[in-house]
Number of protein chains: 2
Amino acid sequence: MADARLEPIQGGSRGTLVSDAVRAAIYSGRFQPGEAIREMQLARELRVSQTTVREALLQLEHAGLVVREANRGTRVTSLSEQDIRERIAVRLMLETSAAAETVRRMTPEHLAELETQMHEIASAVRRNSYYESAQADLAFHRAIWRGSGNQTLFRLLDELTVPLFAFVSMRQSSNVTDLRRRVRSHEPILAALRSGQAAAVRKAIHGHLTTSYRQFLEGTVDAALVSPDPGKS
Amino acid sequence: MADARLEPIQGGSRGTLVSDAVRAAIYSGRFQPGEAIREMQLARELRVSQTTVREALLQLEHAGLVVREANRGTRVTSLSEQDIRERIAVRLMLETSAAAETVRRMTPEHLAELETQMHEIASAVRRNSYYESAQADLAFHRAIWRGSGNQTLFRLLDELTVPLFAFVSMRQSSNVTDLRRRVRSHEPILAALRSGQAAAVRKAIHGHLTTSYRQFLEGTVDAALVSPDPGKS
DNA sequence: TGTCAATCGGTTAACGATAATCGCTTATTG
DNA sequence: CAATAAGCGATTATCGTTAACCGATTGACA
């Protein structure tokens with residue numbers, strides 16, 4: 001009973017299938033931010049009804065990947081500078097606390113999983129695969145969020161961050177230097193997690209995020225919401 | 001141009017109308033937590049198509065008021081003890097930071113608005129109107145969130161808290177003592193906001209929330225995620 | 001020639017009907 | 001008699017079509 005011979009069939013509903021397809025198209029850049037997505041056209045291309053497409057778009061809207069305007073249409077989300085700063089600020093609040101909790105509950109197995117994810121990032125970077133390295137990067141952070149044991153917290157961080165990955169990384173030049181930095185910048189987090197000290201983890205996450213998003217944060221008038229943890233003004 | 005003579009007509013899409021109707025029914029208790037909501041039945045009662053009802057239910061699912069299971073049906077969300085604890089923990093993280101930012105940007109106008117909201121709460125309590133006092137309570141907190149100037153933060157707090165109000169207050173006895181407490185427990189927040197000191201505001205919010213939700217928090221094994229701010233273990 | 005209303009093209013919103021899926025009950029069969 | 005399959009009722013998922021809506025453009029009229 002413990003291990004079935006067959007995997008449960010995947011695919012879910014047709015709407016989810018469509019949603020996945022569009023999501024992949026957005027990530028891979030086939031749909032550009034700001035570009036309109038027409039329900040009927042998509043329905044024809046994918047051989048499904050408009051209703052199904054609509055349900056998929058509703059899901060994507062929830063995930064923050066598209067925006068829908070009544071009677072006007074759907075377009076790929078194009079995060080404004082302000083949107084990005086806001087998301088980063090909130091992510092900073094949540095992820096530092098999540099990681100601090102994660103380190104408290106850390107098991108050797110979980111630490112091993114994080115090290116594996118780290119290897120995945122490095123591997124993708126070695127292959128110079130930008131898309132996959134971003135996926136691995138996200139997976140690493142997800143593993144940290146999950147470790148907090150708070151599903152609500154995980155869900156919110158996911159909702160907040162997925163569009164960030166989709167649209168921020170899109171702008172960053174994917175040159176070799178940036179990719180190398182992607183590996184290095186995660187190492188202090190892992191080190192802090194190994195140390196088991198919550199304060200160190202908070203600092204590591206804070207440093208990682210502010211560094212990673214430096215180019216989006218500089219020029220922010222109110223840095224307050226961006227660094228609520230240290231520097232208690 | 002600045003002030004129109006007429007308000008923009010409300011009502012939005014039919015789907016939103018249905019969604020509002022169901023939301024009100026949930027809040028008022030006409031739909032109980034755990035109760036099934038049948039699409040076709042609702043469609044007949046409201047004289048709209050099943051598609052429209054479905055869109056409404058999708059909206060409500062996003063808001064966390066109902067849960068939908070593929071091919072099984074929709075039911076009113078019944079938050080588990082764990083869900084509630086998780087939401088409180090995350091709300092604590094976000095609202096303390098939001099309020100700290102709000103106090104930094106506070107204007108006399110905004111402070112006046114909060115005082116007005118406070119009067120609304122007191123007024124509803126005097127009328128012994130439980131439902132309205134809960135609405136006013138929520139409005140007070142919303143005003144604080146909005147003051148942070150971070151729309152993303154506002155949205156997340158809303159998403160997180162609305163179901164809390166819907167289902168937590170439902171369980172609390174709405175006796176006179178509880179209602180009086182509802183007024184009193186907000187006063188320290190207002191006082192802290194007037195003082196202008198971020199640290200005081202953080203403490204006030206923390207105190208308010210842990211007090212308000214005491215009955216749901218006691219017995220929590222890991223209080224860590226619930227008090228990430230003070231008492232740095 | 002400027003203003004406003006009617007029209008038009010394109011798109012989403014809503015509809016009614018059918019198909020697919022689920023859990024449960026009832027047969028069937030070895 | 002137990003295990004399994006077939007059938008049933010209820011419900012959601014999907015479909016194709018029609019209605020409503022928005023913004024831009026055209027055209028009439030002062």
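First the proteins, then the strands, lettered A, B, ... as listed; each starts at 1. Values below: all heavy atoms of this structure, side chains included; hydrogens, waters and symmetry mates excluded.
- Nearest-nucleotide positions on DNA chain C for A/Gln41 and B/Arg47 put A/Gln41 closer to the 5' end.
- In this structure, B/Ile37 places its CD1 atom 13 Å from P of D/dT11, rounding to the nearest Å.
- Spacing between atom CD of B/Glu69 and atom C1' of D/dA13 amounts to 15 Å, rounded to whole angstrom units.
- Side-chain proximity of A/Thr52 to D/dC15, C/dA14, D/dA13: nearest is D/dC15.
- With respect to the salt-bridge test (charged N to carboxylate O, under 4.0 angstrom), the residues B/Asp20 and B/Arg23 qualify.
- In this structure, of D/dC21, D/dT12, D/dT11, it is D/dC21 that holds the atom nearest to the side chain of A/Asn71.
- Relative to the ring axis of A/Tyr213, A/Arg85 does not place its NZ or CZ within 45° and under 6.0 Å from the centre.
- For A/Ala70, the listed nucleotide lying nearest its side chain is C/dA13; candidates were D/dC22, C/dG23, C/dA13.
- With respect to A/Glu39 and A/Arg68, a salt bridge is recorded, a charged nitrogen being found less than 4.0 Å from a carboxylate O.
- For the pair B/Arg75 CZ and D/dT11 C1', the computed distance is 12 Å after rounding to whole Å.
- Distances shown here put every side-chain N or O of A/Arg14 at or beyond 4.0 Å from the OP1 or OP2 atom of D/dA13.
- For B/Arg54 and C/dG16, the CZ to P distance is 16 Å, given to the nearest whole Å.
- Along DNA chain D, the nucleotide nearest A/Ser49 and the nucleotide nearest A/Arg72 are compared for position; the residue whose nucleotide lies closer to the 5' end is A/Ser49.
- Separating the CE atom of B/Met40 from the C1' atom of C/dC15 is a distance of 11 Å, rounded to the nearest angstrom.
- Under a cutoff of 6.0 Å and an axis angle of 45°, A/Arg182 and A/Tyr130 form a cation-pi pair.
- Partner A/Trp145 forms a side chain to side chain donor-acceptor pair (under 3.5 Å) with one of A/Gln151, A/Glu101, A/Glu95 and no other, that one being A/Glu95.
- For the pair A/Arg44 CZ and C/dT11 C1', the computed distance is 11 Å after rounding to whole Å.
- Per the geometry, CD belonging to B/Glu55 stands 10 Å off P belonging to C/dC15, to the nearest Å.
- Spacing between atom CD of A/Glu39 and atom C1' of D/dT18 amounts to 15 Å, rounded to whole angstrom units.
- Both A/Gln50 and A/Gly15 lie close to DNA chain D; mapped to their nearest nucleotides by heavy-atom distance, the more 5′-ward contact belongs to A/Gly15.
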